[in-house]
Amino acid sequence: MTSPTDHALRLPAWLSSLFFLALLGLVGLTAWQWRDGPPVSANLLQLLPSGAPGELEQLAEQRVQEPLNRDLMLLVHHADEDSAVALAKEVAGNLNASGLFAQIRRSVQADLPAMRQQLLDQRLVLLDPASREALIASPEEFIQQRLQRLFSPFESTSLVPVEEDWFGLADLAQRRLPQPGHIHPRLDGALVAEHDGQRWAVIHAQIDGDAFDDKLPLLVDEQVRAARRWVESQHGELLAAGGVLHAAYGQRQAREEAGLIGSVSLVATLALLHLLFRTPRVQLVALPVLVGALSGAAACVALFGQIHVLTLVLGASLVGVSIDFPLHYLSKSWTLQPWQAFRALRLTLPGLALALATNVIGYLAMAFTPFPALSQVAVFSAAGLLGAFACATCLLPSLVNVPLQPWAAPLSWAERTLNERRRLLGRVSSRWLLAGFVVFCLAGISQVSFKDDLRQWVSRAPALQQQAERIGQITGFEPTSQYFLVRAQTPDELLERQEALSARLDELVAEQKLHGYLALSQLAAPTIIQESLHLALPRLLENSQPLLALGMPIEVLEKELADLQTRPVTGLDQVLAGPLAEPWRPLWLGTRKDGTVAGLVSLQGLRDSSALHGLAEGVGGVSLIDRPAELNRLFAETQRQAAFFKMLAAVLILGLLCLPFGWRGALRCLAVPLLAALGSLACLGWLGQPLTLFGLFGLLLVTAIGVDYAILMRERIGGAAVSLVGTLLAAVTTWLSFGLLALSSTPAVSNFGLAVGIGLVFAFLLAPWAADTTGDRAS
C-alpha cells in the first residue's frame, strides 16, 4: 500500500504519461526506420570528413573509389593450367548463379570487329608520342622499323591485316597502347596472369550494389568461402581480394564485438547488482539501458540516414553510463531506510539532472568537430543519455519501489577507506600528493606520441591483406588512393598537360618508385598533333621505296595514304567511345558547366607517396589529390578543434556547477575529471601507447563522466560513505563497458577503451577530493 508521503514524493502523473507517449513514439520511429532492414553501414568513408567540397572533386573521388567498392578479383591456381581454367569456369558459373554480381569476366569479351574498326579509323590519334615523333621527324627510319616488324618472328599478330595497314600505323597503335596489369588472354580467350613461373586463371567480378551495403558483403563473402573450399578440395588454390571482403570482415567483427561488449557488460552489471541488493527486481535497471540504446540509434538514423557499425561498437559502452542514473538513487538504500524509491529520487534528482547536463554538454562538444565519426558517436551518446535519464526518473522508480536491504559490507569498507584517506592526508599534505601526481603526469605525457591512421579504424584482417598483396604482385593491379586531377579549357589542352605530367611520372617509374599509371594522353593525341601527322603523311610515300622493293604496288600505298589524309581529326570523346578505350573511360570527367574539361591520372603500385609532392609544379591545372595526407592534416586539425570545443564545454560546465556549489566547489568538481584525463594520458605515455583521435575522444569523455563522480561525492546524499559506494558502483559498471573496448580488434576502438578505462580509475580515486571540506551535509 502506498503511503501518503510516498505518494507526495512521486513525480507528476502527467510527466509519466508524457514519457510513455514518447516511448511509444520512439518504438514506432525505430520500427519505421528499420522497415527495410537494419540501417547499418560499414562504409568507412562515411565517417570521414569530405575532402572534396566541389562537384568536380566529388565526382573524381567517386570515380577513384568505385572500383575499390565494387570490384572483386579472384585468382585460381592448379598444378595443371587447364585444370585451373576449368576450376575458374566453375567458380565463375556459381558466382553468376548467386545473382549478387552485375558482371563476371573470366575470358576476353571484346568485340574484335569493333576494335579492328577503331584501329583503322583512329590509327593516327591512337599513336603513342614516340611513334608520332618518329613519323614526323624521320619517316625513312619509320619505314625501316615497319619492315623489321613485318619480318620479325617475335612480333604478335595484329588485329588489322597487313593488306589494310601497309604503313603499320594501326599495328603500332595496337602495340603501343599501355597494357593495364599483367593479365593476358590465352588462345581460348581465358584470362590468365603469370608470376614466378606460375599461371593463374583470373576472374574479375563486379558486385551488384556497393561493398558497404548492409547484407551484400556477407553474402558475397559466403560465396567466396564456398568457392575456396571447393577449389581446395580439387587440390587448387584460390586468392580473393576486394573492398567487399574487407567490408564483410569489418561488419562481422563489429557486430560480434558490439553484441559481446554490450551483453557481457550488462550481464556482469546485473549480476553485481543482484549480489549487492539481493532482489530480482533490481534487474529492471536494464530498462534505461535499452531505452538509451533505442534513443541513440533513432537519433543517428534520423540525423545521418544510417548508423555505422563503429558507432554501434562504441555505443555499446553506453550501458555503463546510462545505468549510472538508477544506481545513484539505489545506492542510497544503504542509509535511507525504510527504503522509498521516490524519496531517494527526490533527494538525488538535482544531482542527476546536473550530471546529465554536464554529460550532454561534454558529448555534444564533439558533435561540432569536422569528423562525422565523432559527431555520430556524440549524437548517439547524448540522445542515449537523455532517453536513459527519462526512463530512470519517470518509469523505473515505480518498478523498484520495493523494500531493499543491501549487503552491508560495502558500506563498512567505504567507511574504513575514508578513514584511511583522512589519516593519510593527516600525515601527507594533499599539496604534496598533487605535486607528485603532476610530476607523474608530466613525465608520462612527455612520452606520448600522436598517431592517426585510417587503417586503425577497421579490424585488421591479415589473411585478406596478404591475399590482396599477392594478387597485386601477380596481376600488376595495385591501385592507390593518390591521383592527379587535371583541369583545362579544352580537351587538347587537357591532353597536353597530362602528357607533360606523364613525362615526369615516367621518371618515377624508371626509379621504381611507381609501378605505372594511366592517363588519357596515353590513349589519344591532341588535334593539333593529328594535323601535324596529316602534313607529314606525304613524306611516308616519298620514303616508301623499301616497301615497293618488296613488290607492293604503289597504287595500294597511295590509296591507303589518301584514305588517311581524308579522315578528319578525331576528338577525345570519339576515341573514348570505342572499345579500346575501356580502361581509360573512367578517367574522363567530361565538360563542366563553365565549359572547362577535366580528367584524372590514376596511379598503380606507388612506393613513395612523398615523391608525388611537387611533381606537378609548373604544369597548369594539375592538382595532386592525396587523400591520406589530407586526412592526416584533418586529424591534426580535429585534435585542435576537439580540444577547443572541450575547453568551451568545460567553461559551460563550470558555470553550471557554480549554481549549486559556488565557484570554489565548482572548481573542485571540475578539477577531478581534468586531472583524471591527464592521468590517463600520462599512462598511455608510460605504456608506450599512441594517442589517436579516438583516444583523444576517450580522454574528453573521461572529463564528462568524471564530473558525475565529483558531483556525487560533493552532494554526499546519505553520507560520505554511501556516496563513495555509489561512486564505486558507477565506476565499476562504466568500466565494465569501456574497459572491454580495450580488447577490441579495431585499434582505434581499443585505444579509446584503454584511455577511458584508465581515466575512470583516476576519476574514482580523485572523486573524494571534490567533497566539501566544511563538513558532511545532513542526510
Side-chain angles (χ1 to χ4, degrees), residues 2-3 5-12 15-16 19 269-270 272-292 319-359 385-408 410-411 414 660 705 707-734 764 767 776-779:
T2 305
S3 68
T5 302
D6 189 45
H7 183 77
L9 291 172
R10 289 175 180 268
L11 294 176
L15 198 59
S16 298
F19 170 75
T269 298
L270 294 179
L272 176 63
L273 296 181
H274 184 75
L275 173 66
L276 293 175
F277 295 101
R278 304 178 179 185
T279 173
R281 188 71 68 93
V282 80
Q283 310 294 324
L284 294 173
V285 297
L287 288 176
V289 176
L290 299 178
V291 174
V319 171
V321 183
S322 56
I323 211 169
D324 286 353
F325 296 126
L327 287 182
H328 284 342
Y329 58 79
L330 284 173
S331 64
K332 306 308 175 186
S333 61
W334 265 279
T335 55
L336 293 181
Q337 292 293 339
W339 164 254
Q340 291 177 330
F342 292 103
R343 180 189 177 197
L345 176 61
R346 282 286 190 178
L347 290 172
T348 56
L349 188 57
L352 291 178
L354 192 59
L356 173 69
T358 56
N359 268 279
L385 286 178
L386 288 171
F389 177 83
C391 182
T393 55
C394 298
L395 174 64
L396 194 62
S398 61
L399 300 178
V400 296
N401 194 31
V402 294
L404 289 182
Q405 291 293 335
W407 186 26
L411 184 61
I705 298 176
V707 172
D708 292 1
Y709 304 164
I711 292 172
L712 190 62
M713 291 302 300
R714 182 79 187 179
E715 288 191 321
R716 288 179 291 177
I717 303 296
V722 169
S723 296
L724 185 62
V725 172
T727 304
L728 178 60
L729 278 179
V732 169
T733 55
T734 307
F764 169 74
D776 287 352
R777 181 179 299 180
S779 299

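Quantities reported herein were computed from a predicted structural model and do not represent experimental measurements.
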Side chain to side chain contact (heavy atoms under 4.5 Å, CB included) with F325: which of T393, L396, V285, L385?
L385
Working to the nearest 0.5 Å, report the span between CG of L404 and CH2 of W334.
9.5 Å
For the CZ atom of F764 and the CG atom of L728, what is their distance to the nearest 0.5 Å?
4.5 Å
Quick one: closest heavy-atom pair of M713 and A767, and the distance?
CB-O, 3.6 Å
Roughly how far apart are H274 NE2 and W407 CH2, rounded to 0.5 Å?
13.0 Å
Taking all atoms of both residues into account, what is the closest heavy-atom pair of A731 and Y709, and its distance?
CA-OH, 3.3 Å
Does some side-chain heavy atom of K332 sit less than 4.5 Å from a side-chain heavy atom of V722?
yes
Derivation and outcome, side-chain contact (heavy atoms from CB on, under 4.5 Å), residues L411 and T335:
CA-CA 9 Å; L411 184 61; T335 55; 4.3 Å; yes
Nearest heavy-atom approach of L354 to P660 is CD2-CG, 3.8 Å
Could you tell me the separation between the CD1 atom of I717 and the CG atom of L336, rounded to the nearest 0.5 Å?
8.5 Å
For a side-chain contact (heavy atoms from CB on, under 4.5 Å) check, start with the C-alpha distance between L276 and V725, then their side-chain angles and the critical distance, and finish with the verdict.
CA-CA 11 Å; L276 293 175; V725 172; over 6 Å; no
Full working for side-chain contact (heavy atoms from CB on, under 4.5 Å) between T348 and L712:
CA-CA 9 Å; T348 56; L712 190 62; 6.0 Å; no
What's the spacing between L352 CG and E715 CD if we round to 0.5 Å?
8.0 Å
Could you go through the side-chain contact (heavy atoms from CB on, under 4.5 Å) check for L729 and L330 one step at a time?
CA-CA 10 Å; L729 278 179; L330 284 173; over 6 Å; no
Please name all residues satisfying ring-ring contact (aromatic ring centres under 6.0 Å, His included) with F19, sequence neighbours left out, ordered by chain then number.
none
Where is the tightest heavy-atom contact between G387 and V291, given as atom of each residue plus distance?
O-CG1, 3.5 Å
Which heavy atom of P288 sits nearest a heavy atom of P326, and at what distance?
CG-CG, 4.4 Å
Positive for side chain to side chain contact (heavy atoms under 4.5 Å, CB included) with T734, one of L327, D708, I323, I705:
I705
Which heavy atom in F342 sits nearest to a heavy atom in P397, and how many Å separate them?
CE2-CB, 3.7 Å
Nearest 0.5 Å, what's the CG-SG distance between L345 and C394?
8.5 Å
Quick one: ring-ring contact (aromatic ring centres under 6.0 Å, His included) partners of Y329, sequence neighbours excluded?
none
Not counting sequence neighbours, which residues clear side chain to side chain contact (heavy atoms under 4.5 Å, CB included) with Q337? List them please.
S333, W339, Q405, P406
